[in-house]
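None of the values given here were measured: they were computed from a predicted structure.
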Amino acid sequence: MIGINHGIILHIAAPFGGVTQSGLGRVEFTASSLRNFKEVLGMADKDLYRNRDFVPDFDEIMEETAARSRELAARSDMLRDIPYGDTPRQCFDIVLPPRPVAGAPINMFVHGGYWRAGSKDQNTLVAGPVIAAGGIAAIVGYDLMPGTRLGEIVGQIRRAARAVTSRATEFGADPDRFSVSGHSAGAHLASFLAARSPADDGPPDVPPIKGMLLVSGIYDLSGIPDSFLKDEAEMTPEESASWTPLSSTQLPCGPRIVTRGENETLPFHDQATRFSSALRDQGQDVDCRTEADLNHLTIVLALADPRHPLGALLGDLVLL
């Protein structure tokens, strides 16, 4: 089994030009400071969004995640492939607790994959802490880039949230006890369940949210069109500008938890702190955290483990 303590830690030993700090623990990196930092560490030719280059045992951890998902699915009572849209990927799975109780809370999880990969079936394991707390988990799928544009994917996640809550009583859940979680691109997408982007014509049609756990999210998309994803997701500059959480209006919901792994690359740390600050500036309740000894992949294993502090946090969120 793959442990959850693999990864690398990058330490800043001396200040770099273009680095500014404002407030406890908040560090912002300009483009020039990031270039200097990469050059010092011999990473000038590496894309800080390409997690494969920074995560030891990348493929093994991905397979471990899928294997744990298959194992949990095999021993759980599930309702599979419930449609919320008109394409095959627009569906969700329901994972029920061992001893269901009417009126249980329900948590919707949105998987990552940089908008162009991943599936709900590979992420069933995240239901673990939810069902351990007596909740019901909804693991959501969605169409992928480049075949589907980013604004449509955001719309799909909003439709999924409406479908999950409108049918919640069928699963034994209370729609008023609805919470949301997401990882990586899934955290980005989940954030728009409580945000209005510049591309939105009005406030989004979404159900009330008791709380939100956003893990290793991307909240500034300006660097994505020219990243290694250029030929994979084909995100346009217009899409990145329209669907950047940091330039969107954040709307009221329950408490938001924004976290990332200690061993993640600089963009994930910088954007988590900037997004949390933006939420506070807009009067929202947010807790910004760092998960010790975790990287972009092992953090999913931790999120799925009820015994790990991050998994326990998901269980607590469900019970709000």
Indicate the atoms forming the closest heavy-atom contact of Glu264 with Asn295, along with that distance.
-> CG-C, 3.9 Å
Side chain to side chain contact (heavy atoms under 4.5 Å, CB included) evaluation trace for Val286 with Phe275 = CA-CA 10 Å; Val286 60; Phe275 185 51; over 6 Å; no
Working for side chain to side chain contact (heavy atoms under 4.5 Å, CB included), residues Arg260 and Cys288 | CA-CA 9 Å; Arg260 73 284 200 189; Cys288 186; 3.4 Å; yes
Are Thr259 and Leu313 side-chain neighbours, meaning at least one heavy-atom pair lies under 4.5 Å?
-> no
Nearest heavy-atom approach of Val126 to Leu314 is O-CD2, 3.7 Å
Grab the two heavy atoms, one from Ile136 and one from Gly172, that are nearest each other, plus how far apart they are.
-> CD1-C, 3.9 Å
In terms of side-chain geometry, is the basic nitrogen of Asp200 or Arg158 positioned less than 4.0 Å from the acidic oxygen of its partner?
-> yes
Heavy-atom donor-acceptor pair, Ser76 side chain to Ala73 backbone, under 3.5 Å = no
Indicate if Val140 and Leu303 have the same hydrophobic cluster label, given that clusters are the connected sets of ILVMFWY residues with side-chain heavy-atom separations under 4.5 angstrom.
-> no
Starting at OG1 of Thr87, measure out to CG of Asp143 and round the result to the nearest 0.5 Å.
-> 3.5 Å
Hey, would you say the Phe54 and Phe268 ring centroids sit under 6.0 Å apart?
-> no
Do Leu144 and Phe192 sit in the same hydrophobic cluster, where Ile, Leu, Val, Met, Phe, Trp and Tyr count as joined when their side-chain heavy atoms come under 4.5 Å apart?
-> yes
Taking every heavy atom of Pro208 against every heavy atom of Phe178, the minimum-distance pair comes out as O-CD2, 3.6 Å
If Ile, Leu, Val, Met, Phe, Trp and Tyr residues are connected whenever their side-chain heavy atoms lie under 4.5 Å apart, and connections chain through other members, are Ile257 and Leu246 in the same group?
-> no
Taking the side chain as C-beta and beyond, is there a heavy-atom pair between Asp57 and Glu63 under 4.5 Å?
-> no
Nearest non-hydrogen partners of Ala185 and Gly113, listed with the distance = CB-N, 4.4 Å
Please round to the nearest 0.5 Å and tell me the distance separating atom OH of Tyr142 and atom OG1 of Thr148.
-> 11.0 Å
Would you check if Thr124 and Met78 make a side-chain contact, meaning some heavy-atom pair closer than 4.5 Å?
-> yes
Same hydrophobic cluster for Leu310 and Leu320, using side-chain heavy-atom links shorter than 4.5 Å among ILVMFWY?
-> yes
Residue pair Asp47 / Asp53, side-chain heavy-atom distance below 4.5 Å | no
Do the ring planes of Tyr49 and Tyr114 sit parallel (below 30°), tilted (30 to 60°) or perpendicular (above 60°)?
-> perpendicular
Would you say Ser197's side chain and Ser242's backbone share a donor-acceptor pair under 3.5 angstrom?
-> yes
Rounded distance [0.5 Å steps], CE in Met235 versus NZ in Lys230 = 14.0 Å
Interatomic distance, Cys91 atom SG to Ile139 atom CD1 [nearest 0.5 angstrom] | 12.0 Å
So if you build clusters from Ile, Leu, Val, Met, Phe, Trp, Tyr with side-chain heavy-atom gaps below 4.5 Å, do Val164 and Ile131 land together?
-> no
Quick one: does Glu239's side chain get under 4.5 Å of Met145's, heavy atoms only?
-> yes
Any Lys/Arg nitrogen of Arg149 or Glu152 sitting under 4.0 Å from an Asp/Glu carboxylate oxygen of the other?
-> no
Of all residues at least two apart in sequence or in a different chain, which pass the salt bridge (charged side-chain N to carboxylate O under 4.0 Å, His left out) check with Arg196?
-> none
Euclidean distance, Leu297 CG relative to His183 NE2, rounded to 0.5 Å = 6.5 Å
If only atom types and distance count, is the side chain of Ser166 paired as donor or acceptor with the main-chain N or O of Ala163 below 3.5 Å?
-> yes
When every non-hydrogen atom of Gln250 is compared with those of Leu279, the smallest separation belongs to CG-CD2, 3.4 Å
Result block: side-chain N/O donor-acceptor pairs under 3.5 angstrom for residues 92-112, not counting sequence neighbours:
unit_1 : atom_1 : unit_2 : atom_2 : d
Asp93  : OD1    : Asp81  : N      : 2.7
Asp93  : OD1    : Lys120 : NZ     : 3.0
Asp93  : OD2    : Lys120 : NZ     : 3.0
Asn107 : OD1    : Ser181 : OG     : 2.9
Asn107 : ND2    : Ser179 : OG     : 2.9

Quick one: pull up NE2 in His296 and CD1 in Ile61 and give me the separation to the nearest 0.5 Å.
-> 11.5 Å
Given side chains that start at C-beta, do those of His188 and Trp243 come closer than 4.5 Å, heavy atoms only?
-> yes
Backbone N or O of Arg162 within a donor-acceptor pair of the Tyr84 side chain at under 3.5 Å?
-> no
Ser222 side chain to Asp220 side chain, donor-acceptor N/O pair below 3.5 angstrom | yes
Side chain to side chain, Leu251 and Pro204, heavy atoms closer than 4.5 Å | yes
Kindly determine whether Thr65 and Gln122 satisfy side chain to side chain contact (heavy atoms under 4.5 Å, CB included), including the steps that lead there.
-> CA-CA 7 Å; Thr65 301; Gln122 296 170 328; 5.8 Å; no
Kindly indicate, with the supporting measurements, whether the criterion side chain to side chain contact (heavy atoms under 4.5 Å, CB included) is fulfilled by Leu125 and Leu301.
-> CA-CA 8 Å; Leu125 78 169; Leu301 301 180; 4.0 Å; yes
Side-chain heavy atoms of Ser240 within contact of Ile224, under 4.5 Å = no
